[in-house]
Amino acid sequence: MKLIEISNLIVYYNTSQGLVKAVDNVSLEISRGEALAIVGESGSGKTTLALSIPRLLPDNARILGGSIWLYPEKVDLTKLSEKELRRIRGRRIGVVFQDPMTYLNPVMKVGDQIAESIVYHQNCSLKEAKEKVLELLKKLKIPDAENVASRYPHQLSGGMKQRVMISIAISCNPELLIADEPTTALDVTVQAEVLELLRNLIQELKIALILVTHDLGIVAETCDKVAIMYAGKIVELADVYNLYRDPKHPYTVGLLDAVPTIKESESKISIIGGSIPDLINPPSGCRFHPRCPYMFEKCRQEEPPLVNFDKNRYVACWLME
Amino acid sequence: MEKNFFLKVVNVKKYFPVSKSFLIKSQKYVKAVDNISFSIRRGGTLGIVGESGSGKTTLARVILRLIEPTSGSVYFDNKNIFDLDKHELRKLRPKMQMIFQDPMASLNPRKKVKQILTQVFKLHTSLSNEEIYDRVLDLLEKVGLSPPELFLDRYPHELSGGQRQRVCIARAIALNPKLLIADEPVSALDVSVRGQIINLLLNIYRERGEDMIYIIISHDIALIKSMCKDTLVMYSGRMVEFGETDSIIKSPLHPYTRMLISAVPIPDPEIARTKKRIPISGEPPSLINPPPGCHFHPRCPYVMERCKVEVPQYFQVEDRLVSCFLYAQY
Amino acid sequence: MSSLIPFIIKKLLQYIPMIFAVIIITFILVHMAPGDPTFILVGEVGDEEFIKTARARLGLDKPLHERFIIYLSNVLKGDLGYSYLRSEPVAKLIVDRIPATLLLVLTAMFFSALIGIMIGTIAAARKGVLDISLSTLSLFGISIPYFWLGQIILIVFAVRLGIFPLGGMVTVGRSYQGIDYVLDVIYHLVLPVMTLAIFNLAYTTKITRGSVLEALTQDYIVTARSKGLPESRVIFRHALRNALIPVVTYIGFNTGVLLVGAILTETVFAWPGMGSLLYDSIRLRDYPVILGIFIYGSIIIIIANLIVDLLYGLLDPRIRVR
């Protein structure tokens, strides 16, 4: 069952240097209960793509084309008014942001920050909402929930703050949870705890997940489907097992080998040369071509489309022709 | 410099006083580095792994005496670095270099690449300007900034993150240091650029590794696995385990090391979803108010009564050192 | 809250050198200013012997540094001296006038803060014409001098329209009691408060606008929006609450400016406060009173700063005194 269908989405940023082509003609689908990863480096457009669904983009972002359909009623989120969208944000789509330190209001008790969306979306009194907050915190296995709810963010540890963010996001039982680098600011052991919690929650509550990350390690543990983004485009889309076993796009191959792992087998670190392209003037043709070891003439001139060539596998590369 | 030089760290402590009130000087300290000892021989590579607040960066800075220690000694080149006066320390500086996490912050934004690198030679050598120029070109080539002429006149902000880190590496290896400490050398870089820098550091080591000591500090044990033969695991200011990297990863002894290694995500869905997980609970303690006894005891699944009161000493288990009472019978 | 007392003591100790500096600087400035109180007291054409005794009586015959030491030791004993002209202790003169000034200053502060924060927030939230016109208006408000504004307000509302009194604090010749007295004071208070508040109001608006705009760029605002909250709640509950910290700082630290404004305003409206006392005393070279007012003024400013420090903790839990 389809939940979100993004088609030909174009999102640019207006900057003093020019238009930054952050998301350029991207299509993507996510079904109910599915866990999708959007993987990319800084400047790949992964966060812009994910946050354009609830339209939580910076002021200088412009959605210049395409649509984002929300099912079952099939409304185009890009066309909704702010007021209509507010009934979807928080209620049907929850968001967990990267750095819980800056994304939580420093002068509000965390219990009140969680209760807020419950009050607004479930038409209940503040008192009822606060009871629901305590239930929620207990569900997230937060010890001493009453005490935690009455604290301010700076009095909590990083992992606890991120758990508070997660409870804000799921407080109204959303159908979709967007997690933007949810563990990047956390230590390894805390990251493992938070991911485990996230996995259990989405399974238990049957929430669809969009996990935005640069870390292929946490994707392997958490997601069903992976979209690899490079310079504003999706270059490969596959289910998680196929992608890791048999990556097709040269960028995906490079990305998987560029990071050392603690796997038993000694893996040599391979290199993707060059650096991330400028999105104001992206390279012609395939945007990866200046860094691609298999580059040929066609790559320089024509942009490869994202084509389906196997069950659930899409790759945008002329090598696949 | 002696032929078979080594680095020996003995009971090094660094306590930062915490001022609580303005009238009464409090006796509270943040014990950022608490009684650490280890040694490495020439040609050795050591990884120091720990999470934020474990004291790993402070330890590196104390070893190089970039900050003053509270107590202990560090022997390098047969001298106790902590006993040297300013002049002697300055003479030793070219032999001990550090690469920092954030290349932007460690490069002077008003100086061109050329000036940054030339300065090193001018400060510590008596080479002529032409010789220095040649050396600078060589260095740039060596760290993969070629053609070097293209980079000479650039300012740090005109370089990409990876290129900046290359300049930092060039500066650090300019005078053939005998001790090179890299503190999270790739953490600030993008994933696809990380591999480039890791390979550069590996190549430098391969080229002159036998004649130097390499220390890599990171929160990422996988990075350390790819670069270091030995590993020192830190937790809350203390060393909990020390030994060969491969055997630590294969069979971690200290409960914290086990938890840490189990927590590292593996980019392979088949392994990731079948591997046995060690349940993780809690977070690292506050350094101002650490728990008594073993700092790890509140999170430890094997906690015993004595862990709550006594600080465990080091137990030798085969070729490894572990600070945990589970190994007391050895 | 157990460390609240040491916190206040610590702050007060920090201010002691400041009070000394105030005493030294004003003492020097006041005595360096041309003019001599003796002449004002006895007239310029008294006989020489008489002037000499008068100077000796006032202590003005001694050299400056000696006079300073005498003054300072008296101040430390809590004695601010006698007024040259009014034959009353300086402390009593000032303390009698403080309530009137405080009434004026605090009322002006209250209304300018309340309205300024409201307008500033609206300006920040609504981009476009409204913002531009409010910002321009506030720029005007900041640039108008008190004495000129006071006179214009006086001419328009009291002289031309005649809806408010010309000056003073109570209607002369009536002895109102109870609620009538309060109403009479409020009636007299309107114009001076308006004069005094406009600058503060304009400035508070400007600062609030900037501070709210800044807060609106913060990450937690995105979180608030991600909850689907109405924009009004995002702005007032999330942005303004965080934006208030610099605004409160400004309002507190501006007490000094407001006191100076009060001097000019009180003079224009014949308001019987410290300001008009200071104005008279400067005109008549009544040194002890001038110095006394400066000392009291600095104490008021110090108290205001202390209140700001305590308010900080209330507004920002991160620096709350535990």
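Order of the sequence lines fixes the chain letters, A, B, ..., with proteins taken first and strands second; residue numbering starts at 1 for each chain.
- Within a 6.0 Å sphere centred on NZ of B/K275, other residues, nucleotides and ligands contribute more than 12 heavy atoms.
- Other residues, nucleotides and ligands place more than 12 heavy atoms under 6.0 Å from the NZ atom of A/K225.
- Ranked by heavy-atom pairs under 4.5 Å with chain B, the list A/R245, A/E221, A/E196, A/Q191 is led by A/E221.
- When all heavy atoms are compared, the tightest approach of A/E41 to B/D190 is OE1-CB, 3.2 Å.
- Here the side chain of B/E283 pairs no donor or acceptor atom with the backbone of A/S157 at under 3.5 angstrom.
- For A/V240, the parts sitting under 4.5 Å from any heavy atom of chain B are the backbone and the side chain alike.
- Side-chain contact between B/V264 and A/V188 is present, with heavy atoms from C-beta onward closer than 4.5 Å.
- Of the atoms belonging to B/I221, heavy atoms from both backbone and side chain fall under 4.5 Å from chain A.
- One distance of note links CD1 of A/I262 with NZ of B/K250; it measures 13.0 Å at 0.5 Å rounding.
- Ranked by heavy-atom pairs under 4.5 Å with chain A, the first of B/T245, B/V193, B/L223, B/I261 is B/L223.
- Residue contact with chain A, scored on non-hydrogen atoms closer than 4.5 Å, is absent for B/I224.
- Within 6.0 Å of NZ on A/K248 lie more than 12 heavy atoms contributed by other residues, nucleotides or ligands.
- Neither the backbone nor the side chain of A/L243 comes within less than 4.5 Å of any heavy atom of chain B.
- Here the shortest heavy-atom pairing between A/V219 and B/R273 reads O-NH2, 3.9 Å.
- The shortest non-hydrogen separation linking B/I198 to A/P260 is CD1-CD, 3.8 Å.
- When only modelled atom types and interatomic distance are considered, A/S275 and B/Q163 share no side-chain donor-acceptor pair under 3.5 Å.
- Judged purely by atom type and a 3.5 angstrom limit, A/E193 has no side-chain atom pairing as donor or acceptor with the backbone of B/A263.
- Contact annotation for B/I280: both backbone and side-chain heavy atoms come within less than 4.5 Å of a heavy atom of chain A.
- Your options are A/T189, A/L216, A/I272, A/L186, and the one with the most heavy-atom pairs under 4.5 Å with chain B is A/T189.
- Interface remark: of the candidates B/P267, B/S286, B/G195, B/S281, B/P267 forms the most heavy-atom pairs closer than 4.5 Å to chain A.
- Across all their heavy atoms, A/A220 and B/D268 have their closest contact at CB-N, 3.5 Å.
- In this structure, chain A has a heavy atom under 4.5 Å from the side chain of B/S160, while its backbone stays farther away.
- Under a cut-off of 6.0 angstrom, the local environment of CG in B/L150 is crowded, with over 12 non-hydrogen atoms contributed by other residues, nucleotides or ligands.
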